[in-house]
K.L.:
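Mind having a look at this structure? Questions to follow.
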Amino acid sequence: VQRLSHCIDGMSEVVDGLLEMARLDSGQWAPQWTIFDAGAAIQECCKPYEAAAKSKGLSLSTDTAVAYVRSDRSLFMRVLSNLVANAIRY
């Protein structure tokens, strides 16, 4: 059951990503460019994954500096979340 749940979660992420890319390609959605602190965003993004990492015997910590970037914050967070989740999963 747990394996099936992970597969469903993974498929959902893929479909969401494909829909988002289709919206970007068709011009239905445009990135919302802002300047934000990437270090703070990384810390915010990683916090929810600490328990999952710990349950797998992993240590998840962030040591970031203030670094401002110009990007779409929600897309940045989504990519980072996917990277962290996949690192813990695999």
K.L.:
Show, in sequence, the C-alpha distance, side-chain angles and deciding distance for C45 and F76, and conclude whether the side-chain contact (heavy atoms from CB on, under 4.5 Å) test is met.
P.N.:
CA-CA 10 Å; C45 183; F76 180 88; over 6 Å; no

K.L.:
What are the two closest non-hydrogen atoms of D37 and A67, and how far apart are they?
P.N.:
OD1-N, 3.2 Å

K.L.:
Atom OH in Y49, atom CG in L80: separation rounded to 0.5 Å?
P.N.:
8.5 Å

K.L.:
For N86, give me all partners under side-chain hydrogen bond (donor to acceptor under 3.5 Å, both in side chains), at least two apart in sequence or on another chain.
P.N.:
R89

K.L.:
As a quick check of understanding, evaluate salt bridge (charged side-chain N to carboxylate O under 4.0 Å, His left out) for E44 and K47, giving each step before the final call.
P.N.:
CA-CA 6 Å; E44 178 185 330; K47 192 75 170 162; over 6 Å; no

K.L.:
Can you tell me how far CH2 of W33 sits from CZ of R73, rounded to the nearest 0.5 angstrom?
P.N.:
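Taking CZ in R73 and CH2 in W33, the distance rounds to 15.0 Å.
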
K.L.:
Taking atom CE of M77 and atom CG of N82, what is their separation to the nearest 0.5 Å?
P.N.:
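It comes to 12.0 Å.
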
K.L.:
Would V84 and V69 show up in the same hydrophobic cluster when neighbours are defined by side-chain heavy atoms closer than 4.5 Å?
P.N.:
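Yes, because V84 and V69 connect within a single hydrophobic cluster, where side-chain heavy atoms sit under 4.5 Å apart.
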
K.L.:
Roughly how far, to the nearest 0.5 Å, is OG1 of T62 from CD1 of I42?
P.N.:
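Result: 8.0 Å between the selected atoms.
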
K.L.:
Distance check, rounded to the nearest 0.5 Å: K56 atom NZ versus Y90 atom OH?
P.N.:
9.0 Å

K.L.:
Looking just at side-chain N and O atoms, do Q32 and S74 make a donor-acceptor pair shorter than 3.5 Å?
P.N.:
no

K.L.:
Roughly how far, to the nearest 0.5 Å, is the CD1 atom of I88 from the CD atom of E50?
P.N.:
9.0 Å

K.L.:
Quick one: do I35 and L75 end up in the same hydrophobic cluster if we chain Ile, Leu, Val, Met, Phe, Trp and Tyr together by side-chain heavy atoms under 4.5 Å apart?
P.N.:
no

